[in-house]
Amino acid sequence: SEENQESKAQNDAPVNIIMIGMAGSGKTTLMQRINAYLHERKTPPYVLNLDPAVTKLPFQANIDIRDTVDYKQVMKEYGLGPNGGILTSLNLFTTKLDQVMQIVDKRAGENKYFLYDTPGQIEIFTWSASGAIITNTLASTYPTVVVYVVDTPRTASPATFMSNMMYACSILYKTQLPFLVAFNKTDVVSHDFAVSWMTDFEAFQQALRGQEDEGFMNSLMNSMSLVLDEFYNHLRVVGVSAMTGQGLDEFFVKIDEAVKEYYEEY
Ligand code: GTP
């Protein structure tokens, strides 16, 4: 029963979910859908928006980077372009991260899921010092899962699929955190092709051979796919639709699996 208590404690413990995805992958729409889904189940999440440049958020964020930094103002003040403005805003926000974490800590009894939306310019979060500081700080408090959102219809060619997975792979190795790839927009295109390419090496090779631009690109991809094969073996994936809500039950099953893994490894 000691074990029971332990697993109960784990079930109630807060979970950080960091949403990462290329611009247009549907990250924000998915956040909104997840938010609504958790509200319906009477487990409202605590939502933090880390995208200073988002103009319209379709949901109410509990903590919003835009409340503390005005990225347009930052651009003017420091003479920066849009990307520099976003990065500098994230840096300014990160200097106050300890205050944010204190608030989060107070909410940890009431909320189970803490959702973090990140800048649409994905590399600003994934390859910056601030992004790393935020990620590491979160991971040092509660189990933290990185969700990588993929625009499924726009990744249906072998070449874009592979680039997208290479990117996912690099984020996984950089963060070293439990990881879930969410193939979004499955109301438009099912993610079956992706699962098949990830589990059946031959199927991907076959898709490559069907491509018109043979030669260098294909031989590059041939060697890359050998590397990715190892990555796929440990990868957790789910198909979702931010539009219809399909796949969200499974999404949370996979999140819980990832959290279990976190407890085993950390
Ligand atoms: P950034 O704000 O640039 O980071 O984009 P984002 O990744 O947050 O994407 P956003 O949520 O703005 O969605 C991009 C477009 O995809 C919008 O037109 C959405 O309506 C559409 N979209 C998002 N999710 C889905 C989905 O599950 N199905 C369909 N059919 N469209 C979707």
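Whatever order the structure lists them in is the order used to number ligands and atoms, beginning at 1.
Residue-level contacts of ligand 1 at the 4.0 Å heavy-atom threshold are M22, A23, G24, S25, G26, K27, T28, T29, G120, N184, K185, D187, V188, S241, A242, M243.
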Worked check of salt bridge (charged side-chain N to carboxylate O under 4.0 Å, His left out) between D70 and K72: CA-CA 6 Å; D70 177 348; K72 289 244 164 83; over 6 Å; no
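A heavy-atom distance below 4.5 Å is not found between the side chains of I63 and Y116.
Contact detail for T68 and F93: the closest heavy-atom pair is OG1-CD1, 3.7 Å.
N35 and Y113 share no side-chain donor-acceptor pair at under 3.5 Å. With no hydrogens or angles considered, no side-chain donor-acceptor pair links D151 and S25 at under 3.5 Å.
A cation-pi arrangement, defined by a distance under 6.0 Å to the six-membered ring centre and an angle within 45 degrees of its axis, is absent between R33 and Y37.
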